[in-house]
Amino acid sequence: MFRARILVAVAEQMDSGLSEVGMLDGAASWAGERTTSERLSMRREGSAAGQVAERLGQSPEEQIRAVQRRLVDWYRREARDLPWRRTRDPYRILVSEVMLQQTQVERVIPYYEVFLARFPTVEALASAALAEVIAVWGGLGYNRRAVYLWRAAREIVERWGGRFPGERRLLERLPGVGRYTAGAVACFAFGERVAFWDTNIARVLRRVFLGPEARPGRRELDELAERVLPLDRAYEWNQALMELGARICSARRPRCEICPLCGLCRSVGTEGESRRRGGRFEGSRRYYRGRIVAVLRQHPRGVPLDELGRLVRADYGCQARDWLRGVLEGLARDGLVELAEERGEYVARLPGSEATER
DNA sequence: AATACGGGGTT
DNA sequence: AACCCAGTATT
């Protein structure tokens, strides 16, 4: 019931003013119109969408409309109560979206709360020392995101007077904000009707509208996402696609038996996708970058190079010095580490730490 | 187009 | 141990 209240509040904010599912049926705005000749040509050419329609006994636009209705209806009943769904504050939305890049929802939540408690506004983040931002970022991973987020906050404050631009094109210029995140902020914070896709949305759109064998490229996904985007209620539609991808239409084991799109999907009953091979993590350069940042978080004044080497790997010796230098220079290029010479020895620290002020 | 970039829960 | 994840920037 609490969840329902949240959703109603959000729906009202979205100015949807639409509480009866029945109203969706008559909403001509739910799918782009397609002329009869276009429709016939699709069938003649046996296009993918046309074939789906044949199999499902529906025209493509009927499938789109039915999916829109069914999915948003499901989302309104089943949406998880996630912290970033309770706000339209662009700063909070941005923080959530950046944290969610390549990181699961459940893992983000506690970091999100802590981060916003410490940096509640874009001004607070912009005026903080980068070292502290990296420290509060903690073990979330992809530490460059913390640097990008801090730089983005400074840009918002300095260039935009603390007010976020609402357009995707402008948002996308911010550091660490790519096509997906810019679209998400424009839609989730500003209510813009924007089509975008991430791994979840791409998988859902591909399975539902194209089929299990389809391997659409970026361009094709852009066009598909745009074509199926409702003329209004973009917020709920996009959230719903991700919700379905995360909870039902998962990569490995899709749960078609409980999917709200039963009967509307081109890939019903599909096998999960095969596993891809990934490189070893432990012992990798990436692994040691993480170790180094973790150690430096605990040492605000910085750590001499050789000591740092011993702290991050047991087999460190002077022969590994060049290796360590290389890794640190990479971190320095990314803005995650500062290298300084003090009393004849090199010291590494997080950028903007207190010690640099001396 | 390919690659680097973290870390932890799940299988 | 391998795999996956609300991507982005760089080469």
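Lettering follows sequence order; numbering is per chain, from 1.
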Check this one for me: any side-chain N or O of A/Thr181 less than 4.0 Å away from OP1 or OP2 of C/dT8?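 Checking C/dT8 against A/Thr181, a side-chain N or O does come within under 4.0 Å of OP1 or OP2.
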
Once side chain to side chain donor-acceptor pair (under 3.5 Å) is applied, do any residues pair with [X], and if so which ones, sequence neighbours excluded?
| X | value |
| --- | --- |
| A/Arg173 | none |
| A/Arg325 | A/Glu329 |
| A/Arg159 | none |

Using the test ring pair (Phe, Tyr, Trp, His ring centres under 6.0 Å), find all partners of [X] that sit at least two apart in sequence or belong to another chain.
| X | answer |
| --- | --- |
| A/Phe190 | none |
| A/Trp84 | A/Tyr112 |
| A/Tyr180 | A/Phe196 |
| A/Trp160 | none |

message = Counting C-beta onward and ignoring hydrogens, is there a side-chain heavy-atom pair between A/Pro165 and A/Glu167 closer than 4.5 Å?
response =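 In short, these two side chains do not touch, never coming nearer than 4.5 Å.
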
From [atom1] of [X] over to [atom2] of [N], roughly how many Å is that when rounded to an integer?
| X | N | atom1 | atom2 | value |
| --- | --- | --- | --- | --- |
| A/Glu172 | C/dA9 | CD | C1' | 12 Å |
| A/Glu282 | C/dC3 | CD | C1' | 16 Å |
| A/Leu174 | C/dG7 | CG | C1' | 15 Å |
| A/Tyr180 | C/dC5 | OH | P | 14 Å |
| A/Asn238 | C/dG7 | CG | P | 14 Å |
| A/Leu149 | C/dG7 | CG | P | 16 Å |

When the [atom1] atoms of [N] and [M] are considered, how many whole Å apart are they?
| N | M | atom1 | result |
| --- | --- | --- | --- |
| C/dT8 | B/dG9 | P | 25 Å |
| C/dA6 | B/dT3 | P | 23 Å |
| B/dG8 | C/dA9 | P | 24 Å |

ask   = What does A/Val177 touch in the nucleic acid at a heavy-atom separation under 4.0 angstrom: a base, only the sugar-phosphate, or nothing?
value =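 Counting heavy atoms under 4.0 Å across all strands, the contact made by A/Val177 is with sugar-phosphate only.
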
*Quick one: label A/Arg203 by what it contacts on the DNA or RNA (base, sugar-phosphate, nothing), any heavy atom closer than 4.0 Å.*
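Result for A/Arg203 = sugar-phosphate.
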
Between A/Arg203 (side chain) and A/Cys249 (backbone), is there a donor-acceptor pair under 3.5 Å?
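Yes: the side chain of A/Arg203 pairs with the backbone of A/Cys249.
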
Residues in contact with DNA chain C, drawn from residues 194-201 of chain A - heavy-atom cutoff 4.0 Å
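The answer is A/Asp198, A/Thr199, A/Asn200.
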
Residues in salt bridge (charged side-chain N to carboxylate O under 4.0 Å, His left out) with A/Arg70, at least two apart?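 Partners of A/Arg70 under the salt bridge (charged side-chain N to carboxylate O under 4.0 Å, His left out) test: none.
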
(message) Applying salt bridge (charged side-chain N to carboxylate O under 4.0 Å, His left out), can you list everything that pairs with A/Glu223, at least two apart in sequence or on another chain?
(response)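 Only A/Arg219 meet the salt bridge (charged side-chain N to carboxylate O under 4.0 Å, His left out) criterion with A/Glu223.
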
Let's see if you get this right: which residues in residues 214-226 of chain A place a heavy atom under 4.0 Å from DNA chain B?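 Contacting residues: none.
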
| said: Would you say that more than 12 heavy atoms from the other residues, nucleotides or ligands in this model lie under 6.0 Å from the CZ of A/Arg218, or not? | reply: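 Not buried by this count: 12 neighbours or fewer within 6.0 Å.
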
Contact string for nucleotides 4-11 of chain B, one letter per nucleotide 5' to 3', B = base within protein heavy-atom range under 4.0 Å, S = sugar-phosphate only, - = neither, reads BBBBB---

Toward the 5' end of DNA chain C, by each residue's nearest nucleotide, A/Tyr148 or A/Leu82:
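This one resolves to A/Leu82.
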
